[in-house]
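Labels below follow one simple rule: chain letters A, B, ... track the order of the sequence lines, proteins then strands, and each chain is numbered from 1.
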There are 2 protein chains.
Amino acid sequence: MSEALSILNEQELVDVVAARDESTKKTQFTIGELAKEFDCTLRTLRFYEDKGLINPKRDGLNRVYTRRDRARLKLVLMGKRVGFSLSAIRDMLDLYDLRDGQVTQLRVALNKFNEQIDVLKVQQNDIQQAIDELSRTVEIVSGMLKQKEAEEAAEQ
Amino acid sequence: MSEALSILNEQELVDVVAARDESTKKTQFTIGELAKEFDCTLRTLRFYEDKGLINPKRDGLNRVYTRRDRARLKLVLMGKRVGFSLSAIRDMLDLYDLRDGQVTQLRVALNKFNEQIDVLKVQQNDIQQAIDELSRTVEIVSGMLKQKEAEEAAEQ
DNA sequence: CTAGACGTTTACGCGAACGTTAGCTAAACA
DNA sequence: TGTTTAGCTAACGTTCGCGTAAACGTCTAG
């Protein structure tokens, strides 16, 4: 019945953010490959694994990353760029893995995104106030400086 | 000779930023009074002392803060607001204490202020990019959501 | 045979800015 | 007499996102 639809439904959040990346046909990645591709260190990738953000399989001891791991990593990095903490990102990924109702997941994600936008706007405000306060101070100090320089010149 | 002038010169950076505060005629303050006035904890004031930002005298064991300490505290808090680290603030205060040529000090301070303004502007940019990226994602996810909701409605 | 590339684990360090007990005075009020 | 109130020192704990060894395994090229 809705088989075709459910296949279409397989467009997931990962694909959205990761922009359905077809830049490579590879299905397996080593830790070094991913580190190079996404410009992070091996330590970082291991750390993310330790924090439960990614779950590469093993070939013996060596980590083997699937396309899915790669997509998740992309999400993690995008999350970092927009100011989410790693634990917040993990929460979202975990939720995402529940796969109950996709719709619910999307709603939750949407809420978090909008909340984060608000957080960022508050930060922008704070920074703007800091800039304003600093600018005022610069004005005053500049004035003092000119006066002092004039005084010094007069003394000579 | 320039006695009168040097007295006028006693307008210091502390006074500039602290806006030559005459809100009280008191000359002595306890740690609790300052904590209440500036809305910080005792621990914070002791911590700042430990870091060399303030140097209250002692009456026995108890700390006694002068108007100068109070002004410095005000500088510290303003420095924090505008994004300076405590160590950067301490450097400026130390420099200020050197009292060699006031003019040099003012120039240095002015430079640091302007540099910090630049830093803040960069941060604003970063945040704006994060907001943009998030907003784009919100758009996409919203679209997905609408489509999914439509599909769900159609299945019923 | 050996050097180099690539990988592994365990685990301490850091930097910023305090929070948080814990245990002790000393004055002041009832 | 007891109990708030205000203060003290000393020192460990916290959060974040990794950096940085240390010490070791494994495979390939020359």
Can you tell me how far [atom2] of [N] sits from [atom1] of [X], to the nearest Å?
{"X": "E49(A)", "N": "dT9(C)", "atom1": "CD", "atom2": "P", "answer": "7 Å"}
{"X": "I54(A)", "N": "dG17(D)", "atom1": "CD1", "atom2": "P", "answer": "14 Å"}
{"X": "R46(A)", "N": "dG19(D)", "atom1": "CZ", "atom2": "C1'", "answer": "12 Å"}
{"X": "R90(A)", "N": "dT15(D)", "atom1": "CZ", "atom2": "P", "answer": "13 Å"}
{"X": "L34(B)", "N": "dG7(D)", "atom1": "CG", "atom2": "P", "answer": "10 Å"}
{"X": "L61(A)", "N": "dT8(C)", "atom1": "CG", "atom2": "C1'", "answer": "6 Å"}
{"X": "L42(A)", "N": "dC24(D)", "atom1": "CG", "atom2": "P", "answer": "20 Å"}
{"X": "I89(B)", "N": "dA17(C)", "atom1": "CD1", "atom2": "C1'", "answer": "11 Å"}

Does a side-chain N or O from [X] land closer than 4.0 Å to OP1 or OP2 of [N], or not?
{"X": "Y48(B)", "N": "dA17(C)", "answer": "no"}
{"X": "T30(A)", "N": "dG7(C)", "answer": "yes"}
{"X": "K36(A)", "N": "dC6(C)", "answer": "no"}
{"X": "T41(B)", "N": "dG19(C)", "answer": "yes"}

Under 4.0 Å, heavy atoms only, any strand: does [X] hit a base, just the sugar-phosphate, or nothing?
{"X": "S87(A)", "result": "nothing"}
{"X": "K51(B)", "result": "nothing"}
{"X": "R63(B)", "result": "sugar-phosphate"}

Answer yes or no: are there more than 12 heavy-atom neighbours, outside D118(B) itself, under 6.0 Å from its atom CG?
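Above 12, so yes.
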
Counting only heavy atoms from other residues, nucleotides and ligands, does the tally under 6.0 Å from CG of D39(B) exceed 12?
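No - once you tally the heavy atoms of other residues, nucleotides and ligands closer than 6.0 Å, there are 12 at most.
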
With the side chain of [X] defined as its heavy atoms from C-beta on, choose the nearest nucleotide among [options].
{"X": "T44(A)", "options": "dG19(C), dC18(C), dG19(D)", "value": "dG19(D)"}
{"X": "R43(B)", "options": "dT20(C), dG17(D), dT9(D)", "value": "dT20(C)"}
{"X": "N62(A)", "options": "dG7(D), dA17(C), dT8(C)", "value": "dT8(C)"}
{"X": "R58(B)", "options": "dG7(D), dC8(D), dT8(C)", "value": "dC8(D)"}
{"X": "I31(B)", "options": "dG7(D), dA17(C), dT8(C)", "value": "dG7(D)"}

Determine whether R107(B) and E149(A) satisfy the following criterion, salt bridge (charged side-chain N to carboxylate O under 4.0 Å, His left out), listing intermediate values before the conclusion.
CA-CA 11 Å; R107(B) 284 207 190 101; E149(A) 281 169 341; 2.7 Å; yes

Quick one: does any side-chain atom of T44(A) pair with a main-chain N or O of C40(A) as donor and acceptor, under 3.5 Å?
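No: the side chain of T44(A) does not pair with the backbone of C40(A).
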
Assess, by modelled atom type and distance only, whether the side chains of Q124(A) and Q128(B) contain a donor and an acceptor separated by less than 3.5 Å.
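Yes, side-chain donor-acceptor contact under 3.5 Å.
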
